[in-house]
Amino acid sequence: MSEDYAPMWESLGMDLQAHDVLLGVLGQGYRDIYLAQKNRPEGMGYFDFVMSEVHGLRIKELLDEKKQNRKIIGSYCVFVPEEIALAGGATLVGLCSGADFAVEEVEKHLPRNTCSLIKSSFGFKLGRVCPYLESADMIVGENTCDGKKKAYETFAGMVDNLYVMDLPQVKSSQGRSLLKAEYERFKTAVEKLTGNKITVESLKEGIKVVNAKRAALHRLARLRKADPAPISGLDALLANQVFFYDNPARFTESVNKICDELEVRIKENQGVFPSKTPRILISGCPMAVPNWKLPWIIETTGAVIVGEESCVGERGTRNLTEDSGKNLDELMEAITDRYFKVDCAIFTPNQDRSDHIVEMAKAYGADGVIHYGLQFCQPYIMESIPVENKLEKIGIPCMRIETDYGMEDVGQLKTRVEAFIEQISD
Ligand code: BJ8
């Protein structure tokens with residue numbers, strides 16, 4: 001990091017010593033996993049910079065925004081509409097965490113058999129090591145899986161600015177009405193937080209900005225259909241992760257720049273790995289920074305990841321929001337329509353998700369699907385069995401993996417991934 005950010009972190013009430021340890025691990029992991037890759041697009045230099053400054057410059061920018069009276073909203077789920085936050089003059093940042101921290105302390109508040117993602121969010125709060133969390137003026141929790149919704153009850157006692165959004169579990173007309181009502185309630189809460197009234201113009205602008213971000217990722221996704229693959233799955237995952245933190249306009253521009261470069265690569269038949277490298281689609285739980293374990297294992301074992309059916313990936317970004325509404329209600333309806341299509345495994349039944357996995361496997365020319373389930377994540381692990389059955393029935397091999405954020409199972413995972421790659425290479 002180019003500057004001394006210690007005073008800034010201290011002003012946020014962070015534990016500097018613990019935070020140094022975290023940054024040390026993160027930096028080392030990034031060097032070993034990301035910078036060790038070969039043939040990376042030059043445009044990834046931007047994301048290397050973002051990662052090197054992820055707790056530095058970006059936090060400084062957010063604090064500068066706060067000085068200008070802009071509010072920061074933190075969120076743990078792709079169901080929280082960034083369009084509404086932006087329209088109200090707030091900045092939305094993702095808070096999900098992809099590393100274990102303060103585990104002993106966390107297990108005083110949560111049962112051991114809680115998924116790593118939830119535990120990590122608690123660990124980052126209890127350890128006081130997340131400057132995004134500490135900068136947020138409002139933290140939005142959502143009633144999705146049982147683990148999250150019960151965890152927020154405890155979390156409410158650890159922060160003084162938790163806002164809980166209720167979410168439907170069934171894609172019925174009642175479910176849609178609930179989502180719409182909750183988005184209206186969120187709109188009012190954002191207006192109260194920022195003191196700004198959301199207007200047709202500001203909401204249209206918010207939709208435009210978020211659509212542009214998503215469209216850039218759609219373009220990147222389409223380019224990954226090429227063989228040889230022009231970008232590694234690790235790098236594409238990083239772009240999907242940074243989506244949640246970066247300044248939206250700068251993010252869009254940076255992803256589009258990489259896409260320009262990839263188009264040239266494709267024309268010149270240059271790949272990040274040789275042509276005919278086995279192609280994997282990853283499907284399942286979201287992978288938050290710095291959870292790169294499984295993609296790193298896959299791509300150092302002779303395969304390339306060509307898509308992510310995940311909330312940090314296509315499930316989270318796949319649809320744009322219609323922006324032709326003429327009044328606030330029409331625009332809020334369009335936002336509701338867009339988010340109601342997100343096929344998170346908390347929904348029942350959830351046929352759309354397995355259909356989408358098949359569609360993605362075919363579209364990206366995947367030779368096989370690796371289903372990634374975080375240990376103790378009931379919704380995704382439960383769905384992984386019918387997903388596997390469906391894929392196998394149409395001749396797409398699938399392997400189900402259950403893991404956590406620990407590194408103890410790396411050897412065992414590598415052996416399984418190796419066997420799977422061998423199977424799909426035949
Ligand atoms: S829309 S996937 S971001 S809820 S891994 S905490 S499900 S036990 S994260 Fe998610 Fe929103 Fe759904 Fe997407 Fe629970 Fe499973 Fe843990 Fe999970």
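Both ligands and their constituent atoms are indexed starting at 1 by order of listing. All values derive from a computational prediction rather than experimental measurement.
- No cation-pi contact links Lys60 to Tyr5, judged by a cut-off of 6.0 Å to the six-membered ring centre and 45° from its axis.
- Here the protein heavy atom with the shortest distance to atom 2 (S) of ligand 1 is Tyr380 OH, 3.1 Å.
- Ring centers of Tyr183 and Tyr339: under 6.0 Å apart, within the cut-off.
- At least one protein heavy atom sits closer than 4.0 Å to atom 11 (Fe) of ligand 1.
- Salt-bridge formation is not detected for the pair Glu253/Arg250: no Lys NZ or Arg NE/NH1/NH2 atom is positioned less than 4.0 Å from an Asp or Glu carboxylate oxygen.
- A salt bridge between Arg224 and Glu308 is present, with a side-chain N of the basic residue lying under 4.0 Å from a carboxylate O of the acidic one.
- Among all protein heavy atoms, the one lying closest to atom 14 (Fe) of ligand 1 is Cys145 SG, 2.3 Å.
- The protein heavy-atom contact nearest to atom 15 (Fe) of ligand 1 is Cys377 SG, 2.3 Å.
- Residue Ile118 approaches ligand 1 through these ligand atoms, each under 4.0 Å from one of its heavy atoms: 6 (S).
- If you look at Ile346 next to ligand 1, there are no close heavy atoms at all, none under 4.0 Å.
- The ligand atoms of ligand 1 that sit less than 4.0 angstrom from a heavy atom of Arg315 are 2 (S).
- Of the possible polar contacts, one joining the Glu182 side chain to the Asp166 backbone as a donor-acceptor pair under 3.5 Å is found.
- Looking at atom 16 (Fe) of ligand 1, its nearest protein heavy atom turns out to be Cys115 SG, 2.3 Å.
- Under 4.0 Å is where a charged nitrogen must lie from a carboxylate oxygen, and between Glu333 and Arg176 at least one such pair does.
- In terms of modelled atom types and a separation under 3.5 Å, the side chain of Lys119 and the main chain of Arg112 share a donor-acceptor contact.
- Checking each of Asn350, Ile357, Val358 against Val387 for a side-chain contact (heavy atoms from CB on, under 4.5 Å) leaves exactly one that passes, namely Ile357.
- Atoms of ligand 1 found under 4.0 Å from any heavy atom of Thr144, numbered from 1 in the order shown, are 4 (S).
- The distance from atom 12 (Fe) of ligand 1 to the nearest N/O/S atom of Cys344 is under 2.8 Å.
- For ligand 1, the atoms lying closer than 4.0 Å to a non-hydrogen atom of Phe79 are 1 (S).
- Of all the heavy atoms of Gln378, none lies under 4.0 Å from any atom of ligand 1, so neither backbone nor side chain is involved.
- Side-chain atoms of Asp146 and Gln378 include no donor-acceptor pair closer than 3.5 Å.
- Of the candidates Pro286, Cys77, Cys96, Cys311, Pro286 brings a heavy atom nearest to atom 9 (S) of ligand 1.
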